2 protein chains.
Amino acid sequence: MRFTTQAEYGLICTLHLARFGAAGPVAAREMAEKEDLPADYTEKILRRLRQAGIVTSVRGVSGGFELARDAREISVKDVVEATEGSTFEINCRQHPVGAERCDTTHDCSIRPVWYALRTKIDELLDQIRISDLLEGGEVGVTELIDITWQDHGDTNLTMER
Amino acid sequence: MRFTTQAEYGLICTLHLARFGAAGPVAAREMAEKEDLPADYTEKILRRLRQAGIVTSVRGVSGGFELARDAREISVKDVVEATEGSTFEINCRQHPVGAERCDTTHDCSIRPVWYALRTKIDELLDQIRISDLLEGGEVGVTELIDITWQDHGDTNLTMER
DNA sequence: CCGAATCTTGACTGATTCACTCCGGATTGA
DNA sequence: TCAATCCGGAGTGAATCAGTCAAGATTCGG
């Protein structure tokens, strides 16, 4: 199981706009060149990000793309869902293993595993914002996530231990 | 992102053996028929489970497959890794987005996200054992996982709250 | 108002993966 | 010996992936 290049490119583009987009819209071609990504494909990804409301586009000569909102308000989950369509797909619906077995009326002890997994994945990806990836580099982000995911919303937990 | 049918079939087969395998080895064809799975494909999956040491096989006329160890000692992660090869693949190695960018010497703030996600996924799938899926049905398993995943190994936490 | 730069949409394509099937063989019990 | 089973690997059609390409719409500078 893996994410396709679209999620990766989507994050790279969003991150690029968060870094360099303050001065005004960045052209897709320029972004692709700077990030060393295939130009036409980059345009396609940016289109998806726009359709999802993550970036806005300006047409015309000095047009390009900008973040639609603050980087703190854009999660990795937003970008992944925009580019891949979903974070973790439950097979029961789109790729059922036999119509009967995967019907919701049929009792299946495996199904809760996939739902739990999806919840877990979404929780993590939703916690991580584009702003978190902007500074601190790889080491900084690693430390940040380490803290974040031991938290689960109970802020006293770490201190009490 | 999703798991292929192999993970699903792998779980179904392992679960089948946990349920009905006590009396002796179950033939692949018989299992496929009872579980309504494609016969040849089922054999292939069982082969992978055997190669991973999850099941053992007995050849000859009344041969078949049995669990290699107690169902409590087999996690969903074991089965997924056996059938799919891995739980969550980090693209940086197998599907790098440009050799330079994904080189380990290059600082990449996105990489920690994928590593954190893999850790999360593995944690959950490792906690859930085949024995957990045997009884209680879909509702029972859902409740069990709900409890399990709020635990994170700190057993006092739930009580103290 | 023309043309260059840009975004927009959708069709198209080669490579890979998925979800199987098929076949020839090895092993074992009756 | 023979039938039932497992074993290993090759083969196959369909879907998905990772892009490309072409034709059009929009905007700005001159």
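Since we're looking at a predicted model, the values are computed, not measured. Here is the naming used below: chain letters follow the sequence lines, and residue numbers restart at 1 for every chain.
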**Student:** Below 30° counts as parallel, above 60° as perpendicular, anything between as tilted: where do the rings of B:F3 and A:F88 land?
**Tutor:**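 B:F3 and A:F88: perpendicular rings.
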**Student:** Any residue in residues 47-67 of chain B with a heavy atom nearer than 4.0 angstrom to DNA chain C? Just list them by number, or reply none.
**Tutor:**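 B:R59, B:G60, B:V61 - these, ordered by number, are the residues of the stretch whose heavy atoms sit under 4.0 Å from the strand.
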**Student:** Hey, where on DNA chain D does chain A first and last touch, going 5' to 3'? Cut-off is any atom under 4.0 Å from a heavy atom.
**Tutor:**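 So the contact region on DNA chain D extends D:dC17 to D:dC28.
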**Student:** Could you state the atom-to-atom distance from CZ of A:F3 to P of C:dT17 in whole Å?
**Tutor:**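 Distance, rounded to whole Å: 18 Å.
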**Student:** Should A:R118 and A:E89 count as side-chain neighbours, where that means a heavy-atom distance under 4.5 Å?
**Tutor:**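 No, every pair of side-chain atoms sits at 4.5 Å or beyond.
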**Student:** Would you indicate whether the side-chain heavy atoms of A:V76 and A:L11 approach each other to under 4.5 Å?
**Tutor:**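 Yes, close enough: below the 4.5 Å cut-off.
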**Student:** For a side-chain hydrogen bond (donor to acceptor under 3.5 Å, both in side chains) check, start with the C-alpha distance between A:D122 and A:T119, then their side-chain angles and the critical distance, and finish with the verdict.
**Tutor:** CA-CA 5 Å; A:D122 286 355; A:T119 302; over 6 Å; no
**Student:** Is there side-chain contact between B:R129 and B:S75, with heavy atoms separated by less than 4.5 Å?
**Tutor:**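 Yes, their side chains come closer than 4.5 Å.
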**Student:** Please list, chain by chain and in numerical order, all residues satisfying side chain to side chain donor-acceptor pair (under 3.5 Å) with A:T105, sequence neighbours excluded.
**Tutor:**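 Result, side chain to side chain donor-acceptor pair (under 3.5 Å) vs A:T105: A:D103.
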**Student:** For DNA chain C, which residues in residues 31-46 of chain A have a heavy atom at a distance below 4.0 Å?
**Tutor:**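 A:E43, A:K44, in order of number.
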**Student:** Tell me, which pairs form a ring pair (Phe, Tyr, Trp, His ring centres under 6.0 Å) where one or both residues lie in residues 36-75 of chain A, sequence neighbours left out?
**Tutor:**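 Ring pair (Phe, Tyr, Trp, His ring centres under 6.0 Å) check on residues 36-75 of chain A returns A:Y9-A:Y41.
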**Student:** May I ask you to list the residues of residues 79-91 of chain B, by number, that have any heavy atom positioned under 4.0 Å from an atom of DNA chain D?
**Tutor:**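 Within residues 79-91 of chain B, no residue comes under 4.0 Å of DNA chain D.
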**Student:** Any non-hydrogen side-chain atom of A:L37 less than 4.5 Å from a side-chain atom of A:H16?
**Tutor:**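 No - every pair of side-chain heavy atoms lies 4.5 Å or more apart.
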**Student:** Using a 4.5 Å cut-off on heavy atoms from C-beta on, say whether the side chain of A:F20 contacts that of A:M31.
**Tutor:**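 With C-beta onward as the side chain, the pair stays apart.
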